[in-house]
Every structure is written in structure tokens, then in C-alpha cells.
Amino acid sequence: MKLLIVDDSLIVRRAIERNVAWAGFGEIRLASNGRRALEEYRTFRPDVVTMDITMPEMDGLTAVDAILREDPAARILIVSALADKSTAVEAIKRGAQGFLLKPITPESLREAVAELLEL
Amino acid sequence: MDEAILRVFSSCAAGYFARVALGPATVGTPYLQSEGDSVAADFTAVIGITGERRGVVCFTAPRALLQALLPAIGEAHGTEALCADLAGEIANTISGNVRAELGSTFMISVPVVIAAPQPVPTFPRDSVCYVLPLVWQGHRAAVWVALQQADETP
């Protein structure tokens with residue numbers, strides 16, 4: 001299984017990478033904005049994507065749209081600090097499979113990823 | 001800016017440390033930042049606010065606080081880059097979390113992090129900035145909130 005982690009914060013990317021070791025992803029790649037995520041997605045074809053929303057160049061919701069246009073089966077978990085209900089609803093409406101609110105903890109991430117992988 | 005908004009920021013700032021850090025932070029009573037008040041610490045992350053309200057939200061913290069907090073999130077070394085990144089992520093998280101109360105019309109930018117000795121930009125003369133002082137494990141930091149209604153005439 002392959003994972004693509006998208007966040008403009010280096011420490012968040014690294015925290016997610018560290019805390020999904022239990023899930024046994026064979027390969028993990030990192031992207032710092034939506035545009036890079038889309039580029040990575042095309043070549044890497046990950047099984048799961050974690051996606052921040054507020055990022056430079058291309059925001060996460062735009063990236064979700066773009067990825068799902070190319071691969072309607074993409075599995076995307078939004079990981080964002082935007083705590084209003086309408087943002088979470090909008091993300092799910094656009095096709096993301098889950099929404100995890102920041103700040104994340106190892107436990108909250110584990111639960112969200114497990115749910116996405118149906119473990 | 002009403003007191004209720006400051007309470008939301010205070011709660012979100014305390015909530016960040018309660019969830020992430022090894023021990024809670026104490027957020028003190030907000031006060032007005034006076035002109036020339038030099039309270040910027042080593043790292044200051046600035047978030048631009050647009051939508052129904054406009055202005056800025058900042059998180060300013062000394063290097064020592066950020067270096068002490070990094071191990072709590074799994075980082076062994078407190079490099080300058082990681083300290084700056086963490087300051088930005090804290091500002092982003094607090095500003096994003098307040099949308100639970102203020103709604104999606106509280107639109108936030110990506111953070112811009114300023115490291116001392118670079119000067120922190122001064123707020124416009126017509127804006128009022130509140131300081132929410134914060135203490136975590138003996139380290140002092142602050143959240144600055146300077147907001148106006150978008151249709152408000154100064």
C-alpha cells in the first residue's frame with residue numbers, strides 16, 4: 001500500500017508519517033501543496049491520501065476535485081484545522097472519505113486511517 | 001471586537017496545548033496592545049483574516065517554548081526551521097479551530113512566519129489589537145488578535 005501525505009507544514013507531514021507506521025504502508029511520499037499533490041498522484045497512484053486544506057499554490061479542496069476527476073476511486077482523508085461543520089460537509093460532498101480535525105494526535109490519526117482502510 | 005470572540009481564541013489556544021503538549025497552558029486575561037509595546041518573541045506567525053471579519057491573528061513564542069514543545073510531537077531536534085514551522089502550525093490551528101464558533105466566513109491565510117531579529121509588521125493605526133498572554137511550562141507566548149468587521153468604518 002502507498003500513502004501520499006499533503007500538508008504545507010513539515011512537522012505535520014513528519015508527524016503523520018511517523019504515526020501511520022502501524023498501517024504498513026510500503027511507500028510514503030510527501031507533498032507541500034495541492035499542486036504538488038496532484039503531480040505526485042499522477043505518477044505515484046497512492047492507495048490513500050491525507051490532505052490539508054489551507055495551503056499555498058493550490059488548496060486542498062481544489063486538489064481533491066482535481067484528483068477525483070482523474071481517479072474517482074481515490075481515497076482521501078482531509079486533515080485540517082478548519083473546524084466549522086460546513087467545511088467538513090463540503091469536503092465529504094466533494095468526495096473525500098474522511099475528515100480529521102487538527103491538532104492531530106497519534107490516536108485520532110490512527111482511528112481515522114483505520115476507518116478509511118476499513119481495518 | 002467583542003469579548004465572546006476573545007474567549008473563543010482563548011479556548012482554542014488552550015485547547016491546542018491541552019491536546020498536543022505535555023501539560024496544559026494557562027491563557028491569561030486579554031489586554032489591549034499599546035503602541036510601541038514590544039512583545040514579539042523569537043518567532044511570530046501571522047495569519048491574514050478575510051471574509052466577514054478582516055485583520056490578522058498572530059502567535060508569537062520564544063525559541064525555548066517551541067524547542068520544548070517539539071519533542072511532544074515527536075521531533076527530537078529543535079532546529080530553526082522546525083521552530084518556525086511549529087509557530088506557523090500553531091497559528092494556523094488556532095485560527096482554523098475558531099471557525100467552529102465563527103463559521104466559514106472567517107477565512108484564514110497560510111501563515112507567514114517572522115523570525116527575530118526581523119521586525120514584525122506594525123498593525124494599521126485604525127486597528128485594535130488584543131493580546132492573549134499564554135504560559136506553558138514556564139515559557140511565555142501570546143496570541144494577538146486584531147480584527148474588524150469587514151464593513152466596519154474605522
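A, B, ... follow the sequence lines: proteins, then strands. Residue 1 opens every chain.
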- [ ] For the pair B/Arg19 and A/Glu107, find out whether any cationic side-chain nitrogen is under 4.0 Å from an anionic carboxylate oxygen.
- [x]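 Salt bridge: no.
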Would a hydrophobic clustering, with Ile, Leu, Val, Met, Phe, Trp and Tyr connected at side-chain separations under 4.5 Å, put [X] with [Y]?
{"X": "B/Phe17", "Y": "B/Leu6", "value": "yes"}
{"X": "B/Ile94", "Y": "B/Met107", "value": "no"}
{"X": "B/Val110", "Y": "B/Ile47", "value": "no"}
{"X": "B/Phe59", "Y": "B/Ile5", "value": "yes"}
{"X": "A/Trp22", "Y": "A/Ile5", "value": "yes"}

- [ ] Check each atom of A/Lys102 against the heavy atoms of chain B and say whether the ones under 4.5 Å are side chain, backbone, both or neither.
- [x]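 Interface part for A/Lys102: both.
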For [X], does the [atom1] atom sit with more than 12 other heavy atoms under 6.0 Å from it, leaving out its own atoms?
{"X": "A/Lys2", "atom1": "NZ", "result": "yes"}
{"X": "A/Glu70", "atom1": "CD", "result": "yes"}
{"X": "B/Arg140", "atom1": "CZ", "result": "no"}

Task: B/Thr105/A/Asp84 under side chain to side chain contact (heavy atoms under 4.5 Å, CB included): CA gap, chis, key distance, verdict - done: CA-CA 10 Å; B/Thr105 56; A/Asp84 56 295; over 6 Å; no
Task: Contacting region of B/Ser95 [heavy-atom separation from chain A under 4.5 Å] - done: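 Looking at B/Ser95, nothing touches chain A.
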TODO: Please flag which part of B/Ile108 lies under 4.5 Å from any non-hydrogen atom of chain A: side chain, backbone, both or neither.
DONE: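 When you check distances to chain A, atoms from both the backbone and side chain of B/Ile108 fall under 4.5 Å.
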TODO: Could you check which of A/Asn19, A/Ile104, A/Asp7, A/Thr87 has the highest count of heavy-atom pairs closer than 4.5 Å to chain B?
DONE: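 Option with the top pair count is A/Thr87.
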Task: Among A/Ser108, A/Ala83, A/Ser80, A/Ser86, residue most engaged with chain B (heavy-atom pairs, under 4.5 Å) - done: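 Ranked by contacts with chain B, first place is A/Ala83.
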Task: chain B-proximal positions within residues 23-59 of chain A [heavy-atom distance under 4.5 Å] - done: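 Heavy-atom contacts from residues 23-59 of chain A to chain B are A/Thr54, A/Met55, A/Pro56.
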Open item on the list: Could you measure the distance from the CG atom of B/Leu69 to the CD1 atom of A/Ile11? Nearest 0.5 Å is fine.
Closed with: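 Between atom CG of B/Leu69 and atom CD1 of A/Ile11 there are 8.0 Å.
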- [ ] Find the distance between CG (B/Leu86) and CG (A/Leu10) and round it off to the nearest 0.5 Å.
- [x]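 B/Leu86 CG to A/Leu10 CG: 11.0 Å, rounded to 0.5 Å.
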- [ ] Indicate the atoms forming the closest heavy-atom contact of A/Ser9 with B/Glu89, along with that distance.
- [x]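 Answer, listing the atom of A/Ser9 first, then B/Glu89: CB-OE1, 3.4 Å.
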TODO: Decide yes or no for A/Leu101 and B/Asn97: does some side-chain heavy atom of the first lie under 4.5 Å from some side-chain heavy atom of the second?
DONE: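 Contact flag for A/Leu101/B/Asn97 side chains = yes.
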